[in-house]
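A short write-up of the structure that comes next.
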Amino acid sequence: MGKTSSDPRTQRILATVDDIPIGQVATYGQVACEAGLPGRARLVGQVLAELPRGSCLPWHRVLSASGAISSRPGPGPAEQQKKLRAEGVRFNRSGRVNLKDCAWDPRPSR
DNA sequence: TGTGTGACTTCTG
DNA sequence: CCAGAAGCCACAC
């Protein structure tokens, strides 16, 4: 074990991602902010990149600030869009999501 | 100790 | 809308 998988920051990031409702999405920056780590969007990406395949966490609901799926090697991007579409999230011709409609707003829940 | 890299964001032109 | 620059930080070398 070891590494930073047990780091409290990592735990908060994972807990925040786990709170994103079905059919809604959040940006890396938003997740970082909700996790108490404003300005640490890259850290969110780093943590998600370490997630094991088949994780029960809704990692696919995390998008870049433009509403696009972040590029990275592997089947991740395609799988992410497939999962989101299965939840009813609509993508435009540019492969982006209209954050105005499905962005997660945690405020009403608190 | 320094440099490069990356599932990022925001500001400028 | 696209490119570049700057800010950010963990990690590998």
Side-chain angles (χ1 to χ4, degrees):
Chain A
M1 294 294 281
K3 297 205 186 279
T4 56
S5 56
S6 58
D7 186 272
R9 294 172 305 168
T10 300
Q11 295 304 311
R12 279 199 289 279
I13 289 173
L14 297 179
T16 299
V17 172
D18 198 40
D19 284 340
I20 306 174
I22 294 175
Q24 293 188 13
V25 301
T27 67
Y28 292 90
Q30 185 182 2
V31 170
C33 200
E34 282 298 313
L37 299 165
R40 309 281 193 278
R42 306 190 70 152
L43 180 58
V44 174
Q46 184 62 56
V47 170
L48 295 186
E50 296 303 320
L51 282 178
R53 294 264 289 133
S55 170
C56 51
L57 246 81
W59 54 270
H60 56 282
R61 297 181 192 141
V62 183
L63 304 172
S64 64
S66 63
I69 289 176
S70 294
S71 300
R72 69 259 196 200
E79 186 181 344
Q80 182 168 16
Q81 186 181 55
K82 186 173 183 176
K83 286 175 176 290
L84 287 176
R85 298 183 84 177
E87 294 184 357
V89 177
R90 309 286 292 286
F91 285 82
N92 65 20
R93 190 159 56 82
S94 303
R96 305 196 330 187
V97 168
N98 185 330
L99 295 178
K100 204 70 155 83
D101 297 330
C102 38
W104 173 42
D105 186 354
R107 297 190 173 296
S109 306
R110 305 172 112 196

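Every chain is numbered from 1 and lettered A, B, ... according to where its sequence line falls, protein lines coming before strand lines. Only this structure's heavy atoms are used, side chains among them; waters, hydrogens and symmetry mates stay out.
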query: How many Å lie between CD on A:E50 and C1' on B:dT5, as a whole number?
result: 14 Å
- prompt: Where the side chain of A:A41 is defined as all heavy atoms beyond and including C-beta, which of B:dA7, B:dT9, C:dA10 is the nearest nucleotide?
  reply: B:dT9
- prompt: With a 4.0 Å cut-off on heavy atoms, is A:S66 in touch with a base, just the backbone sugar-phosphate, or nothing at all?
  reply: nothing
Shortest side-chain distance from A:R40, nucleotide among C:dC9, B:dA7, B:dT9: C:dC9
message: Can you tell me which residue among A:L84, A:L63, A:I22 is in a side-chain contact (heavy atoms from CB on, under 4.5 Å) with A:V89?
response: A:L84
message: In this structure, how many angstroms lie between the P atom of C:dA12 and the CD atom of A:Q46, rounded?
response: 9 Å
- prompt: Just by modelled atom types, is the A:G67 backbone N or O under 3.5 Å from a matching donor or acceptor in the A:R96 side chain?
  reply: no
statement: Taken to the nearest whole Å, CG/A:L99 to P/B:dT9 is 10 Å
field: Side-chain N or O of A:R42 closer than 4.0 Å to phosphate OP1/OP2 of C:dC9
entry: no
message: Give me the atom names and distance for the closest heavy-atom approach of A:W104 to A:A26.
response: CE3-CB, 4.0 Å
task: Return the nearest nucleotide to the side chain of A:L48; candidates are B:dT9, C:dA10, B:dA7.
output: B:dA7
Whole angstrom value for the distance that separates C1' of C:dC8 from CD1 of A:I13: 13 Å
- prompt: Given the C1' atoms of B:dT1 and C:dC13, what is the spacing between them in whole Å?
  reply: 12 Å
Exam field: side chain A:S55 to backbone A:L51, donor-acceptor pair closer than 3.5 Å: no
- prompt: Between the side chains of A:H60 and A:E87, is a donor N or O closer than 3.5 angstrom to an acceptor N or O?
  reply: yes
query: Given the rule that a pair is Watson-Crick or G-U wobble with both distances under 3.5 Å, how would you write DNA chain B in dot-bracket, using | for pairs to a different strand?
result: .|||||.||||||
Integer-rounded Å distance: B:dC8 C1' and A:L37 CG: 14 Å
message: Checking contacts here: which listed nucleotide (B:dT9, B:dA7, C:dA10) is nearest the side-chain heavy atoms of A:A49?
response: B:dA7
- prompt: Does atom CZ of A:R72 have more than 12 heavy-atom neighbours, drawn from other residues, nucleotides or ligands, at distances under 6.0 Å?
  reply: yes
- prompt: Which residue, A:V62, A:I20, A:L99, forms the side-chain contact (heavy atoms from CB on, under 4.5 Å) with A:V25?
  reply: A:L99
task: Sticking with atom C1', work out how far B:dT5 lies from C:dC8, rounded to a whole angstrom.
output: 13 Å
task: Report yes if at least one side-chain N or O of A:S70 is closer than 4.0 Å to OP1 or OP2 of B:dC8; otherwise report no.
output: yes
- request: Rounded to the nearest angstrom, tell me the gap between atom CH2 in A:W59 and atom P in B:dA7.
  value: 14 Å
query: Taking atom P of B:dA7 as reference, at what distance in whole Å does atom CZ of A:R61 sit?
result: 22 Å
- prompt: How many Å lie between CG on A:L43 and P on B:dT9, as a whole number?
  reply: 13 Å
